[in-house]
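Read the structure below first, then the notes.
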Protein chains: 2
Amino acid sequence: MGLVSKIQQLVDLSPEGAHWLSGNIETFSYKKNEKFFQAGRVCNYLYYIQEGMAGGYYMSDEQEVCNWIATEDDFATAYYSFISRKPSYESIECFEACTIQAISHTVLNELYLRFPETERAGRLILEEYYSRLEERLLSIQFKTAKERYTQLCDKRPEIIRRAPLGRIATYLGMKQETLSRIRAEK
Amino acid sequence: MGLVSKIQQLVDLSPEGAHWLSGNIETFSYKKNEKFFQAGRVCNYLYYIQEGMAGGYYMSDEQEVCNWIATEDDFATAYYSFISRKPSYESIECFEACTIQAISHTVLNELYLRFPETERAGRLILEEYYSRLEERLLSIQFKTAKERYTQLCDKRPEIIRRAPLGRIATYLGMKQETLSRIRAEK
DNA sequence: ATTACTTTTTGACATAAATCAAAAAAACAG
DNA sequence: CTGTTTTTTTGATTTATGTCAAAAAGTAAT
């Protein structure tokens with residue numbers, strides 16, 4: 001699986017377009033715990049995880065809060081910064097060694113110009129992020145900590161298996177101690 | 001102030017474009033407590049409040065939760081449904097008698113075709129919604145109920161003055177009783 | 001294998017806000 | 001204006017989760 005196929009899932013992309021895009025993809029490798037994007041900058045790449053797991057986090061009251069976790073075949077970008085061209089408040093860190101494919105903002109715009117049928121991609125990705133953010137808000141507002149953990153176990157067990165518990169806790173909107181207690185009950 | 005000026009604040013709109021748009025705006029009047037959009041449908045209009053106050057709300061665990069409040073010169077749309085073309089989970093209700101201007105999804109798309117320089121409008125509005133949603137999540141997650149109320153008083157005093165307290169409470173992510181107690185302290 | 005450091009778990013206690021119930025005030029209808 | 005309904009406030013109690021502290025387990029470095 002790769003970034004080209006991922007984009008093909010979103011929009012029609014001709015063989016010619018796929019070929020053009022392939023030639024413009026950059027590939028990076030990162031070690032566990034490496035941060036490949038730092039808050040405060042504008043995010044210039046649409047990152048995609050080919051191998052590994054990564055998470056986005058921001059600082060709040062001097063603690064790191066994980067706000068998304070991505071694994072193979074997911075986008076892994078400070079997306080709002082990417083599209084708005086504003087400095088990002090979030091950083092991205094690898095929870096495991098990662099192989100990342102990326103296309104730059106410039107390349108993506110050129111893709112849109114050369115192959116206009118792809119222009120919806122940006123909007124569709126933003127919709128996905130919006131939808132996820134909304135779900136997160138509802139979850140944190142109306143579900144108990146235990147319900148949130150259970151839901152994550154059901155929907156994304158690979159996160160429970162592979163991500164650090166401290167990250168999972170803040171991702172779920174709870175403290176580490178609370179997560180520990182919930183896990184002790186199962 | 002009107003919908004045309006509002007859009008002009010977002011994107012360049014030529015006099016010709018402004019004129020074309022003006023001719024395609026629909027105007028509606030609603031009474032206090034009237035719901036001009038119901039959850040379950042796809043939202044086909046970009047609504048704009050010329051006069052009055054309205055809020056969007058959704059049902060959660062059999063209670064109505066207000067998730068945005070708009071007043072004069074604000075958009076007042078189930079926006080995610082508007083752009084994604086998916087049925088909306090939220091309804092829109094007038095807290096006061098309202099005068100609403102609206103353009104349909106079809107008209108907006110035609111605007112983009114006729115005046116391509118306006119095409120960013122949809123994305124910019126979505127970014128604004130995204131940004132607000134994110135702020136809301138951070139606020140509910142990390143601020144106390146009192147802090148949230150105080151911030152609303154500072155930033156949008158017209159809401160405190162004009163919206164029903166029950167709506168303000170759920171908008172701020174707290175129960176009515178809690179809001180009452182906070183207010184009693186000031 | 002040992003030591004140092006980090007992460008997770010556990011125990012005790014505190015607290016912000018919810019829940020339940022009802023009183024008081026405000027709004028609405030005739 | 002009166003009676004009814006709705007909204008807001010108030011009082012008492014409960015609860016989910018945070019906070020503080022330390023023990024236990026896991027990881028990394030040598």
Side-chain angles (χ1 to χ4, degrees), chain A residues 30-35 52-53 55 57 59-66 69 93-97 136-153 159-186, chain B residues 30-35 52-53 55 57 59-66 69 93-97 136-153 159-186:
Chain A
Y30 298 107
K31 294 196 185 72
K32 181 174 177 175
N33 295 326
E34 198 167 352
K35 297 173 185 13
M53 183 180 270
Y57 68 92
M59 297 302 297
S60 179
D61 298 330
E62 326 219 314
Q63 38 179 347
E64 294 179 346
V65 178
C66 179
I69 297 177
E93 167 188 77
C94 299
F95 297 157
E96 301 169 343
R136 183 172 162 81
L137 177 60
L138 290 179
S139 186
I140 281 176
Q141 208 171 357
F142 298 113
K143 290 192 164 70
T144 62
K146 181 168 179 180
E147 283 165 348
R148 302 203 290 278
Y149 176 71
T150 299
Q151 184 170 35
L152 186 66
C153 291
I159 290 187
I160 306 296
R161 267 192 350 261
R162 295 158 63 183
L165 292 178
R167 293 299 190 206
I168 294 175
T170 60
Y171 173 65
L172 290 174
M174 67 188 73
K175 296 299 183 181
Q176 294 181 36
E177 292 96 326
T178 301
L179 181 58
S180 253
R181 292 188 216 286
I182 289 164
R183 285 163 63 86
E185 288 172 28
K186 296 182 60 114
Chain B
Y30 298 107
K31 294 198 188 69
K32 181 175 176 173
N33 295 325
E34 198 166 352
K35 298 174 186 8
M53 182 180 271
Y57 67 93
M59 298 301 298
S60 179
D61 298 331
E62 326 221 315
Q63 38 182 343
E64 293 179 346
V65 179
C66 178
I69 297 177
E93 166 188 78
C94 297
F95 297 158
E96 301 169 343
R136 185 172 161 81
L137 177 60
L138 290 179
S139 187
I140 281 175
Q141 207 172 357
F142 299 113
K143 289 191 165 67
T144 62
K146 181 169 180 180
E147 282 165 347
R148 301 202 291 277
Y149 176 71
T150 299
Q151 185 171 35
L152 186 67
C153 292
I159 290 187
I160 306 296
R161 266 190 352 260
R162 295 159 62 183
L165 291 179
R167 293 297 190 209
I168 294 175
T170 59
Y171 173 65
L172 289 175
M174 67 187 72
K175 297 299 184 179
Q176 294 180 35
E177 291 97 326
T178 302
L179 181 58
S180 255
R181 293 186 216 285
I182 289 163
R183 285 162 63 88
E185 288 173 28
K186 294 183 60 117

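Just so it is clear, the structure is predicted and the values come from calculations on it, not from any experiment. Reminder, nothing fancy here: chain letters follow the sequence lines and each chain counts from 1.
To the nearest angstrom, C1' of D/dA16 lies 13 Å from NZ of A/K146. In this structure, CD of A/Q176 is placed 7 Å from C1' of C/dT7, rounded to the nearest angstrom. Nucleotide C/dA17 holds its P atom 13 Å from the NZ atom of B/K143, rounded to whole Å. If you measure from atom CD of A/E177 to atom P of C/dT7, you get 14 Å, rounded to the nearest angstrom. Atom NZ of A/K175 is separated from atom P of D/dA21 by 15 Å (rounded to the nearest Å). As a whole-Å value, the separation of B/Q63 CD from D/dT6 C1' is 17 Å. Straight-line distance from the CD atom of A/E147 to the C1' atom of D/dT15: 14 Å, rounded to whole Å. We find that CG of B/N33 is positioned 10 Å from P of C/dA29, with the value rounded to whole Å.
Look at A/R181 and you won't find any side-chain N or O under 4.0 angstrom from OP1 or OP2 of C/dT9. At least one side-chain nitrogen or oxygen of A/S180 sits closer than 4.0 Å to the OP1 or OP2 atom of C/dT9.
Summarising the geometry of B/C66 relative to B/T170, their closest heavy-atom pair is N-OG1, 3.1 Å, with the distance given to 0.1 Å.
Side-chain atoms of B/M174 lie closest to C/dA18 of the nucleotides C/dT10, C/dA18, D/dT10. For A/R183, taking side-chain heavy atoms from C-beta onward, the closest of the listed nucleotides D/dT17, C/dC28, C/dT9 is C/dT9.
Between the side chain of A/R167 and the backbone N or O of A/E64, no donor-acceptor pair lies under 3.5 Å. The backbone N or O of A/Y171 lies less than 3.5 Å from no partner atom in the side chain of A/R148, so there is not a single donor-acceptor pair.
If you check every strand for non-hydrogen atoms under 4.0 Å, B/T144 touches sugar and phosphate atoms only.
Nearest-nucleotide assignment on DNA chain C puts the 5′-proximal partner with A/L165, out of A/L165 and B/R148.
Counting non-hydrogen atoms of other residues, nucleotides and ligands closer than 6.0 Å to NZ of A/K35 gives a total above 12. In this structure, A/K32 places its NZ atom where only 12 or fewer heavy-atom neighbours from other residues, nucleotides or ligands lie under 6.0 Å away.
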